[in-house]
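We count ligands from 1, going down the list as the structure has it; atoms in each ligand are counted the same way. Computed from heavy atoms alone, side chains included, the values below leave out hydrogens, waters and symmetry copies.
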Amino acid sequence: MPGRPDHVTGTPTAVVGVPVPGLPAPRAELRRPSEADWQVVLDAIGAASSVDLVAHVMPDGDALGSALAVGLALRQRGVDVRVSFGDDPQVVPASLSFLPGQELIVPVADVPERPELMISFDVSDARRLGLLLDKALAARELVVVDHHTSNAGFGTRSLIDPLAPATAVLVDELLRRLGVPLDEPIATCLYAGVASDTGSFRYSATTPATHEFASRLLAAGVRHDTISRQLWDTQSFGFLKVLAAALERAELEPAAAGGRGLVWTWVPWADLLAHGVPPEQIEGLIDVVRKAAEAEVALVLKEDPDGSLRGSSRAKGAVDVAAACGALGGGGHAYAAGFTSHLGVPATVAAFRSALDALPVPPTD
Ligand code: 5GP
Ligand code: MN
């Protein structure tokens, strides 16, 4: 979106006044971090002898890259630091296996019951802490670092910037304020974050400042070519089979979303089992399904072993899928959001369609 302000400003800026054509105005109470917000967090980090850095469940490049970047930086400063996320089993997706600093990752059991300072990265909602939720709520300080518009700020402190294209951008600012230079391992973690969340610098939240950030990361030695191949262009053969079945199952509903169209499909757990595909490998399936030109909104439902469905949805700018997913108990961004449902496939799709129908949709041209 051209004309968006730089992500680094000295004063708090209300998000109101950055309208996106066709989308409802961002929530008025969301403000970018102020100088005072940054200072409080720097003080908390400075005072802590032990810090727990956590990503959301089934972490993506932004969540885990951000946590590991701060982990590497604090380790340099001699802080006792752990990185974790609340999944069991706790699996780093194969597409993120290149991330440096993974020796800092510990299982949920190794996170203290009452952490001194916990910092969450890219966690839009406390429930996305998964098995770490209780420990997070018991932490003496819980700092929420995030960029989701739907984040209500569940910690004791927040650094939430809904204009930042990635949490990694906020981490860059945090490291600058901590006086930690971008070395190659830290820059690689941050590149994974910003490249993931901007779709390789294609999405509208990408600004000149985002490219300037990428420029500094490349100057620090990031191998963007090998990272990109691992992030976007490497899949198992089994994934191709799961993808084929999911595309075969896809439905187009032209009347949904005020006549702008919905394309949706789902992946049964049995397909993953049959082809030996771990669940984190199908996170990119939505990027294929959303290519359908006939649909404003795309939805992929991914079945878990207990029969629950993880929904991933995307929109092209006319519909706020964070609001639609919010109606199903989830959230995210206007263009990319998710939820978990226990209703089964037909009722979940029906509920999602109703949520879309309840949203304002600008008339088609
Ligand atoms: P994805 O479809 O890639 O899993 O998620 C898209 C966006 O929606 C991400 O920014 C993610 O953080 C957010 N998201 C996904 N699932 C949920 C959910 O259940 N609750 C909330 N609040 N956000 C979600
Ligand atoms: Mn993110």
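Of the charged side-chain nitrogens involved, at least one lies within less than 4.0 Å of a carboxylate oxygen, so that Asp225 and Arg223 count as a salt-bridged pair. Looking at Arg75 and Glu103, a side-chain N of the basic residue comes within less than 4.0 Å of a carboxylate O on the acidic one, giving a salt bridge.
Leu309 has its side chain out of reach of Lys302: every pair of non-hydrogen atoms, C-beta onward, lies at least 4.5 Å apart. With contacts defined as side-chain heavy-atom distances shorter than 4.5 Å, the pair Leu190/Val171 qualifies.
Annotation: ligand 1 has protein neighbours Ser124, Asp125, Arg128, His148, Glu283, Ser312, Arg314, Gly330, Gly331, Gly332, His333, Ala336, Ala337, Gly338, Phe339, each with a heavy atom less than 4.0 angstrom from the ligand.
No side-chain donor-acceptor contact under 3.5 Å links Gln230 and Ser95.
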N/O donor-acceptor pairs under 3.5 Å from side chains in residues 237-252, not counting sequence neighbours:
unit_1 : atom_1 : unit_2 : atom_2 : d
Arg249 : NH1    : Trp266 : O      : 2.8
Arg249 : NH2    : Asp271 : OD2    : 2.9

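Angle subtended at the Mn ion (ligand 2) by Asp122 OD1 and Asp62 OD2: 90°, rounded to 10 degrees.
His147 contributes atom NE2 as its closest N/O/S atom to the Mn ion (ligand 2). In Asp197, the N, O or S atom that comes nearest to the Mn ion (ligand 2) is OD2.
Ring geometry for Phe201 versus Tyr191: interplanar angle of 30 to 60°, hence tilted.
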